[in-house]
2 protein chains.
Amino acid sequence: MVSARASRALSRSRQDYLKVLHDLGGEGPVTVTSLARRLGVSAPSVTNMLARLAEEKLVRLHHRGAAQLTAAGTREAIEMVRRHRILETFLVQVLGLDWADVHADAEVLEHHVSDRVLEAIDRLCGHPSEDPHGHLIPDRDGRLERRALVPLASLRPGQRAVVREIRDREARRMARWKQAGLVPGAEVRMRDVRESDGVFEIEVGGSAFVSAGEAVDGVLVQPAREGNDS
Amino acid sequence: MVSARASRALSRSRQDYLKVLHDLGGEGPVTVTSLARRLGVSAPSVTNMLARLAEEKLVRLHHRGAAQLTAAGTREAIEMVRRHRILETFLVQVLGLDWADVHADAEVLEHHVSDRVLEAIDRLCGHPSEDPHGHLIPDRDGRLERRALVPLASLRPGQRAVVREIRDREARRMARWKQAGLVPGAEVRMRDVRESDGVFEIEVGGSAFVSAGEAVDGVLVQPAREGNDS
DNA sequence: CGAAGAAATTAGCTGTAACTAATACCCGTG
DNA sequence: CACGGGTATTAGTTACAGCTAATTTCTTCG
Ligand SMILES: [Mn+2]
Ligand SMILES: [Mn+2]
Ligand SMILES: [Mn+2]
Ligand SMILES: [Mn+2]
């Protein structure tokens, strides 16, 4: 029952488009503009590539550019997510690179590492279930648990939570988060929210710090069960 | 004294052309046809690419296609050799892949691994000086020792030698060599050469085997000092 | 010397994936 | 209902790196 990993290798661009579609898509379709922004290409480039992906039955095209992954497209996208996260784990755990810094390397390598090498890396890392930023790693069949997480900034005053995932695309911000102790597994408590200016005070690992709302968007937490405000 | 690792990233194709030029070049210039054969592309493609490389001052063009690396081209080529060999070492030593099988993966990864990742891999492998096939690894400044090796098939009857390098491009043949004990470090003795049909008998690690000349071209040995035919 | 054959080059195309500029389409507001 | 702003598409280019077919240029040999 070896799953049918078809032999056709998608181009690097296609793989990146699919991955971003999966990430932005959640469920609903995705707009040309959002893809363009996230991929760093022009809108016409996106229109164009989407047409090709549609022809290859990897995305379904709705009206006015709205695009949605097909089952086949989703499979490819998740495969890329798996590769990306395994590689990040490897870069941190085995090569000892910095947490905040491995995303860019993984973004390239995910397209060029053979299945054989990927499996060897996965084995060497002990078949990790999470990457260094707390993101879950899909299994070989593309199964991916879903977690109900909320943005750190959405906690109400007094609420406790555990940091679960850190968005990994901006090395700069990650360095700051790490230094503040906002890493997967950290326990936090929202101390105060100033509605007026969107600034709040967060307690993490004993000490506290203050931050503007957008400065922590990208940190996802799992709220503690209500009522254990010991 | 950080050496001037210029920022220019050469395309994958260029890097491969330079590497092959270095390998075939030795000293003298290289013909269009030999490049085409080795790279698996057509002759016009080579003419064309050589013109670009010449424009970029990476090769010097002599008459009728003869091409030769410039100092800058040589630097780039050796850098690729270093990357290739470090990666092969890593694939075998750390990931446990098969000796005979890592060339293709290294051929791809050499173009896509960042300097940072390469250095981390090199460190993890303990700054190896030879790859798994016995090829010397250039140091970070492009220095590469030179060894005086001869083809296994050129030994005279009775002569002893130590296997030093195994050509790594044909997995098929490598598997056979490995199985026969022809690996770097193995001690061999030429037992008999039949001039008539180019077949000879070789002793390696006690047992002996017989082979046609071309079947072992790609195995390079270091002849023992004359006269210790104990 | 002259022609054959080998080697290299030129000419013209292809596919991929970008880009900019121009245009078309939609939707909400006046 | 018409118009303006935002969104998407079309049209036309570009760079890269390959290809085949045709041609040119060398070398060698009769
Ligand atoms: Mn990528
Ligand atoms: Mn990650
Ligand atoms: Mn290569
Ligand atoms: Mn090698």
Side-chain angles (χ1 to χ4, degrees), chain A residues 6-21 24-25 28-69 73 76-77 80 104 107-108 110-112, chain B residues 7-21 24-25 28-69 73 76-77 80 104 107-112:
Chain A
S7 47
R8 118 308 21 251
L10 298 177
S11 67
R12 178 177 174 178
S13 269
R14 281 170 227 278
Q15 292 180 330
D16 277 338
Y17 273 79
L18 296 177
K19 194 160 56 106
V20 171
L21 274 163
L24 297 182
V30 173
T31 82
V32 168
T33 309
S34 62
L35 280 169
R37 194 174 30 242
R38 172 69 173 274
L39 287 162
V41 301
S42 69
S45 299
V46 172
T47 297
N48 197 38
M49 181 58 94
L50 285 179
R52 284 189 263 174
L53 292 173
E55 189 160 311
E56 293 161 6
K57 297 284 200 293
L58 293 165
V59 308
R60 216 182 337 278
L61 246 39
H62 300 237
H63 195 44
R64 271 194 88 57
Q68 194 172 14
L69 290 173
E76 295 291 344
M80 291 316 293
E107 195 60 54
V108 174
E110 61 187 2
H111 310 288
H112 301 294
Chain B
S7 47
R8 106 310 57 207
L10 297 177
S11 68
R12 178 175 173 179
S13 269
R14 281 170 228 275
Q15 291 180 331
D16 278 337
Y17 273 79
L18 295 177
K19 195 159 56 107
V20 171
L21 273 162
L24 297 181
V30 173
T31 82
V32 168
T33 309
S34 61
L35 279 170
R37 193 172 35 241
R38 173 70 174 272
L39 288 162
V41 300
S42 69
S45 298
V46 172
T47 298
N48 197 39
M49 181 59 94
L50 286 179
R52 284 189 262 175
L53 292 172
E55 188 159 312
E56 293 159 6
K57 298 284 200 292
L58 294 164
V59 308
R60 217 183 335 278
L61 246 37
H62 301 236
H63 196 43
R64 269 193 91 56
Q68 194 173 13
L69 291 173
E76 294 291 343
M80 290 317 292
E107 196 59 55
V108 175
L109 290 176
E110 62 188 3
H111 309 288
H112 301 292

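Here is how names work: the chains are called A, B, and so on, in the same order as the sequence lines, proteins then strands, and each is numbered from 1.
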Look up atom [atom1] in [X] and atom [atom2] in [Y], then write down how far apart they are to the nearest 0.5 Å.
X      : Y      : atom1 : atom2 : result
B:L109 : B:E107 : CG    : CD    : 10.0 Å
A:Q15  : A:H111 : CD    : NE2   : 6.0 Å
B:R60  : B:L53  : CZ    : CG    : 13.0 Å

**OP:** Check whether any side-chain nitrogen or oxygen of B:S45 sits under 4.0 Å from OP1 or OP2 of D:dC19, and answer yes or no.
**Re:**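 The answer is yes; a side-chain N or O of B:S45 sits under 4.0 Å from OP1 or OP2.
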Original post:
Picking from B:L69, B:L58, B:D16, what satisfies side chain to side chain contact (heavy atoms under 4.5 Å, CB included) with B:L21?
Top reply: B:L69
Measure from [atom1] on [X] to [atom2] on [N] and round the result to the nearest Å.
X      : N      : atom1 : atom2 : answer
A:L39  : C:dC19 : CG    : C1'   : 15 Å
A:E56  : C:dG15 : CD    : C1'   : 12 Å
A:Y17  : C:dT16 : OH    : P     : 14 Å
A:H111 : C:dT16 : NE2   : C1'   : 15 Å
B:Q15  : D:dA17 : CD    : P     : 10 Å

Original post:
Once each nucleotide of nucleotides 5-16 of chain D is scored for protein heavy atoms under 4.0 Å, what B/S/- sequence comes out, 5' to 3'?
Top reply: -BBSBB-----S
Subject >> Test item: A:M49 and A:L35 side chains (from C-beta on) under 4.5 Å apart, heavy atoms >> reply: no
Subject >> Those residues that, when tested against A:S11, pass side-chain hydrogen bond (donor to acceptor under 3.5 Å, both in side chains) (two or more places apart) >> reply: A:R14
